[in-house]
Amino acid sequence: MQPVLNIRDMVGGYSRKRPVLQQINVKVYPGELVGLIGLNGAGKSTLMKHVIGLLQPHEGDVEVCGHRLTTDTEAYRSSFAFVPESPVLYDELSVWEHLEWTAMAYGVEKREFESRAERLLDRFRMSKERAKFAGHLSKGMRQKVMLMSAFMAKPPLYIVDEPFLGLDPLAIQALLEQMREEKLAGSGLIVSSHMLSMLETYCDRYLVLHDGVVVAQGTAEDIIAAAGLPNGRRVEEAFFTLVGGRGE
Amino acid sequence: MKLEGLWQKRRETYLRRVMPYWRYVMSSGGVAMGFAVILAIQGYASLLNRARTADVGDPLFAWLPLGAAVILAAVMLWNRARTYIMQADLVFLLRMESGMKDYFRGAWRSGLSVSLAAAAAVLALYWPLYGAADYGSAGQYAAVCAALLALKALLYYGAWRERQFRYRSDRALFTSVKWMAALATAYALLGGVEGFAVVWSGAIWLAYALALRVPTSYRVHWEHLLEEERRTAALHEAWFCLFIDLPGRTETYKPRSYLNGWLKLIRYRKDNAYVYLYWRTLLRSSMFMIALRIVILELLMVWVFPYPWAAVFIYILFCWMLALQLRGLQSVWTEPLLAAMSPLPAALRSRSQRKVQRAANVIGALVMGIPLLFAATPLLAAVFAALGIASALLFSRPRRTASA
């Protein structure tokens, strides 16, 4: 099966002299939810910036659905949706217009757009706010608009950075449910979060990043084994062992 | 922390930041502004000449004080105060609220002196007209000026108090009452009206001064000051954006739902996505309102000066101003993340931006060309309307970015 995200031997960061990321190898397959975990400054957001094309790798390459940014820009960009940690919206557009614009940009049929938009507004409890402008929304609501716009596009790959920040419990529930549906529909998701207990319930695989290096990846059992812990322990404990041990 | 020093420091930082932009303003708009000043001086001189030579029954003597009163009332009610308050102050300065008088002292002094200077300038400009129209003696005009400058000081104090009002509705009520009273007072004093009207105006302003204590107020209305500061910064940026592409520009948007009918004309298609976005950006931005004012002002100017070549000159000047204003569309959304997240090619974005800018510019040029049909010969009007439309194409080219 072709991975939706394939990162090979990537070295990257902001400066060629001091790369943040070292020899990153990651694959995300369709229908898979991968949790990206690491301490602050581990390189999670930098890794995501490389995937979305804001940064270019110093070495190695990144493919999304077999497309490379440099050779097939449009197909590459159409193959993923990104939800950043801090919502970035157009202050001049309403909630509904954000969804409509996204649907137009991703080539979603008008009728399909309307039905998806209604479903998403309902799920994220934003129906009453549909006419509100982004500049007048609370942080949590802005985050919901970002999430709804991403789910409107229905791309093969979702890249989601700290999605739970600022969301109320019902919105977190709606997000987890939506991610589960997207996964079942065959999309691949890579989600970064510090809420390890939440990820542990929903992720198929994990990627533990520490000081720009992948210190462990695989299923929960693989991570626990990599940390040298006995079976039956939790990913959260394995994570502390992996990143804490390295720092000591 | 010395709060008065903090305001001064912020002011210096702001001035240092904007100073380099004036270089672009002078290089791009110096000549046109020079022409505008010459045109204004010429208009003023011809008005003065007409006031000196007109007969007693000339309608000019009825309109002159009214026009001056409108301008003066606007200046009287323009009570600026750059506080340089920022979001982080809600955390760091809020705890020092009781001492914020020290911080605002600089804003207060600077704002009052600039506001008084503006009012004095208008009064100085009106002086020759007052004398020419024979509304009163020099001594009487000196008394009028003293009264109006005292009123200006009261209005400045009042504006400061109004910034503390808890409710927007109270501020709106005071503003509407102030407009009517300022207009009536300025008209009465500039038109040489005496007696009861003057006493009545005095009573109104006394009531205003007393009423300032009535509405519930905060010691410092942080949210209002932040909003006001944001709007002022956006206005200044809009001015500089007439001449140069500013990095990190703050824009303010209004829904303007009455324009949604126009927006619905954009067809739902993938290659129209950026057109959809740019029309919304334009029509909801402050840029649009400034462009609209430019068009309205041009219509008024041609109506006031309905002579063929004067109309053509006004048309060219305003076409240029409109095109410069609409060029601001090239500097919206500088956030690189938005571009990286978009699945659409970058070329489509710049093509759509130019398309919207051109269309808006052509519409504006056509509307501004209408009065030319009445003020100039049809041939002259047609030639210059065509040139106005051609300028829309010229100005929709990509432009340089500020290096400052």
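Every chain is numbered from 1, with letters handed out A, B, ... down the list of sequences.
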Chemist: Side chain, backbone, both or neither: which part of A:Ala131 has a heavy atom under 4.5 Å from chain B?
Modeler: neither
Chemist: Between CG of B:Leu283 and CD of A:Glu92, what distance do you get to the nearest 0.5 Å?
Modeler: 11.0 Å
Chemist: Starting at CG of B:Leu344, measure out to CD of A:Glu74 and round the result to the nearest 0.5 Å.
Modeler: 7.0 Å
Chemist: Between A:Pro84, A:Ala153, A:Ala105, A:Gly107, which has the largest tally of heavy atom pairs under 4.5 Å with chain B?
Modeler: A:Ala105
Chemist: Is the count of non-hydrogen atoms from other residues, nucleotides or ligands lying under 6.0 Å from A:Glu109 atom CD greater than 12?
Modeler: no
Chemist: At a 4.5 Å cut-off on heavy atoms, which part of A:Phe80 comes close to chain B: side chain, backbone, both, or neither?
Modeler: side chain
Chemist: Looking at side-chain heavy atoms only, is the closest gap between A:Glu100 and B:Tyr276 below 4.5 Å?
Modeler: yes
Chemist: Treating A:Trp101 as the side-chain partner and B:Ala273 as the backbone partner, does any N or O pair qualify as donor plus acceptor under 3.5 Å?
Modeler: yes
Chemist: With a cut-off of 6.0 Å (strictly less than), are more than 12 heavy atoms of other residues, nucleotides or ligands near NZ of A:Lys183?
Modeler: yes
Chemist: With only heavy atoms counted, which part of A:Phe133 is less than 4.5 Å from chain B, the side chain, the backbone, both or neither?
Modeler: side chain
Chemist: Under 4.5 Å from any heavy atom of chain B, what part of A:Thr73 do you find: side chain, backbone, both or neither?
Modeler: neither
Chemist: Are more than 12 heavy atoms, taken from residues, nucleotides or ligands other than B:Arg267, located less than 6.0 Å from that residue's CZ atom?
Modeler: no
Chemist: Is it the side chain or the backbone of B:Arg256 that comes within 4.5 Å of chain A heavy atoms, both, or neither?
Modeler: neither
Chemist: How many angstroms lie between atom NE2 of A:His98 and atom CG of B:Leu277, to the nearest 0.5 angstrom?
Modeler: 8.0 Å
Chemist: Does CZ in A:Arg125 sit with more than 12 non-hydrogen atoms of other residues, nucleotides or ligands closer than 6.0 Å?
Modeler: no
Chemist: Against chain A, label B:Asp271 side chain, backbone, both or neither, depending on which of its atoms sit under 4.5 Å from a heavy atom there.
Modeler: neither
Chemist: Where do A:Asp91 and B:Tyr253 come nearest, in terms of heavy atoms and distance?
Modeler: CB-CD1, 3.9 Å
Chemist: Tell me whether B:Arg284 is salt-bridged to A:Glu97, with the criterion being a basic N under 4.0 Å from an acidic carboxylate O.
Modeler: yes
Chemist: Would the number of heavy atoms belonging to other residues, nucleotides or ligands and lying under 6.0 Å from NZ of B:Lys254 be above 12?
Modeler: no
Chemist: Can you tell me how far CE of A:Met146 sits from CE of B:Met341, rounded to the nearest 0.5 angstrom?
Modeler: 3.5 Å
